[in-house]
Amino acid sequence: MTPVTQAQFRAALLDADTPVPEGLLNGHGAPAGSRYNVYRNNVTASLIDAMKLAFPSVRSLLGAENFDTLMPMFVRAHPPASPLMMHYGAGFPAFLDGFAPLAHLAYLADIARLDLAMRASYHAADAGPFDPVVLQQPPETLAGLHLRLAPATKVLRARWPIHDLWRRATDPSAPKPRPAGQAIVITRPAFDPAPHLLPTGAATFLLALETHPLGAALEAAQAAAPDFDFAETLALLLHSEALTDQNKDLPL
Amino acid sequence: MLDYFTHKTYLPTGIGVGYKPQHFNDLMHAPGAVEWIEIHAENYMGDGGRPLAQLRALSEKFALSIHGVGLSIGGEGALDRDHLKRLRKLIDTFNPASFSEHLAWSTHGAEFLNDLLPLPYTNASLARVAAHIDEVQQSLGRQILLENPSSYLAFAESTFSETDFLSELTHRTTCGLLLDVNNVFVSSTNLDLSAQAYIDAFPLDAVGEIHVGGHDADVDDHGAPLLIDSHGAPVIDPVWALLDYTLARSGPRPVLVEWDTDVPDWPVLRAEADRAAAALAPVKPL
């Protein structure tokens, strides 16, 4: 009896045109026929369900029906690379970028990045709260202070109005998106991540904070955006709990 | 080979439910008959946030069973060492009463297919699965329970019955078994076998946990019944009857109600747990 290899079993799984392997039977020794389709359906449906959960904003903006029509194409071309389904779909933004029929909705890839960042934030490590008392020091030492973003804090910049589009995705009565690029910071005060619109220069500031002390990050932001409003940005970071405590080792 | 206790599980001999986050508050405040919960390991492998916070709270109140769905023990390829390390970390953190996995494969090469795929029951697959179980038990430092699958088809090349295959695995590896009586009902219907004969042939001494759950009904090309293990419906009466039949022969065991898709409100699942408790209560030790 010729064995059915897992390579043969896999080959027909995500491709309805590949014949079902021989050597698979029903309970009476006859070819299994459409019984094999149970596995085809299970795999495809479970991956599509995972994508629906993972990309709610893309699905809302594209329309549920369009999204669901697109999904079999994506999941067949990009099955998961790990048993951690919480990371599935990392390749979706690049897929959307390269998908010509949706070229007129070029912002969708950045919305997919936003959905991915929201999920990464949801599963990110917990972190202690930031104590603003450390900011009460003279400017010359303050400039050397390293502020740390919480692991759940994610910064995203786009040439599309991603914050307005996200609001529209979650609430169809939200105002029409403005025709401008936007940057956001996603923060997770307790367990539920939320995106906040960043003022001009603030994304540069936050990204610089990852490797630079406060003074240098401030200079970078002011160089990128002369009207950068430090006070407003700091208030947003404190209010949204974007920062964490100072007790961890700092990068050299 | 590790020298394990003869206990197959440290779960209480009572009722558990598959944990769903929407039931968190109900379980914490009105668990009814539920004494233990089971989680899917892979959903708790993030770094933090709500899933792990809920699990910490639940594990202080309930005995915990961790149920893996991603290890691909039946795979032709080597086990995923990174995934074994993640499991080890989760198990070291929560020290569950039981860890279980499936007689199935789900990984092929670099791909994870997110389903429990079937394997033939041959000498070659027996040797491979036994080696994988040994590796898992060594790596986790504990005995595991292996679950019988739901079958939709059979392999022409198989030379063992499923019950003989599982029995042989327990001898070769000292693993225990998780007996899913819904899977027995589904497979027996789909392959036109006797579910009771399956239970009669099953190595019940090795069973550390029993599952019941719901399934969907379809038909194949010939109009023959084709049941799908969906975990998305109430347990049907013939499966409850098969649970009674099993418990009468195994003696009391931890029993879990699984409901993974179209998850109902808590009162519905709690009623299923109550029914399982009523099935378990009169069972006398052998």
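Sequence lines set the chain letters: A, B, ... in the order given, protein chains first and strands last, and positions in each chain run from 1. Every value quoted in this text rests on a predicted model; they were computed, and no experiment measured them. Because only heavy atoms are used, hydrogens play no part in the values below, and waters and symmetry mates are left out as well, while side chains stay in.
- The shortest side-chain heavy-atom distance between F112(B) and S82(A) does not fall under the 4.5 Å cut-off.
- Nearest heavy atoms, H222(B) versus N26(A): CD2-ND2, 4.1 Å.
- Here the closest heavy-atom approach between residue Q6(A) and residue H108(B) is recorded as C-CE1, 3.9 Å.
- Residue T189(B): no heavy atom, backbone or side chain, is found under 4.5 Å from chain A.
- In terms of modelled atom types and a separation under 3.5 Å, the side chain of D47(B) and the main chain of H123(A) share no donor-acceptor contact.
- Between L113(B) and L13(A), the shortest heavy-atom contact is CD1-CD2, 3.9 Å.
- Counting heavy atoms from C-beta outward, I228(B) and V38(A) have side chains that approach closer than 4.5 Å.
- If you measure heavy-atom distances from S121(A) to chain B, you find no contacts under 4.5 Å at all.
- Side-chain atoms of Y39(A) and L117(B), non-hydrogen and from C-beta on, do get closer than 4.5 Å to each other.
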**Prompt:** Can you list the steps and then say if R86(B) with L84(A) is a side-chain contact (heavy atoms from CB on, under 4.5 Å)?
**Reply:** CA-CA 10 Å; R86(B) 289 190 285 260; L84(A) 295 195; 3.8 Å; yes
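- Remark: D115(B) does not engage R10(A) in a salt bridge, criterion side-chain N to carboxylate O under 4.0 Å.
- Summarising the local packing, CZ of R76(A) is surrounded by more than 12 heavy atoms from other residues, nucleotides or ligands at distances under 6.0 Å.
- Within 6.0 Å of NE2 on H212(A) lie no more than 12 heavy atoms contributed by other residues, nucleotides or ligands.
- Between F191(A) and G49(B), the shortest heavy-atom contact is CD2-C, 3.6 Å.
- Within the 4.5 angstrom heavy-atom criterion, no atom of L52(B) approaches chain A.
- Contacts between A124(A) and chain B at a heavy-atom distance below 4.5 Å involve the backbone alone (N, CA, C, O).
- Taking chain B as the reference chain and counting heavy-atom pairs below 4.5 Å, the highest number among G27(A), P83(A), A81(A) is found for P83(A).
- Of all the listed residues (G46(B), S230(B), A41(B)), the one sharing the greatest number of non-hydrogen pairs under 4.5 Å with chain A is G46(B).
- Proximity to chain A is limited to the backbone of N43(B), based on heavy atoms less than 4.5 angstrom apart.
- The choice from G70(B), G77(B), P118(B), G75(B) that makes the most heavy-atom pairs within less than 4.5 Å of chain A is P118(B).
- The contact between A154(B) and chain A is made by backbone and side chain atoms together, counting heavy-atom distances below 4.5 Å.
- The contact between Y36(A) and chain B is made by backbone and side chain atoms together, counting heavy-atom distances below 4.5 Å.
- Judged purely by distance below 3.5 Å, without hydrogens or angles, the side chains of N114(B) and S46(A) pair a donor atom with an acceptor atom.
- Using a cutoff of 4.0 Å between basic side-chain nitrogens and carboxylate oxygens, R35(A) and D221(B) are not scored as salt-bridged.
- Enclosure of atom CD in E22(A) is not indicated, since only 12 or fewer non-hydrogen atoms of other residues, nucleotides or ligands lie within 6.0 angstrom.
- Residue contact with chain B, scored on non-hydrogen atoms closer than 4.5 Å, is absent for H87(A).
- Contact annotation: the side chain of T122(B) never approaches that of P3(A) to less than 4.5 Å [non-hydrogen atoms, C-beta and beyond].
- Looking at E157(B) and V4(A), their side chains come closer than 4.5 Å, going by heavy atoms from C-beta outward.
- Neither the backbone nor the side chain of A152(A) comes within contact range of chain B; no heavy atoms are under 4.5 Å apart.
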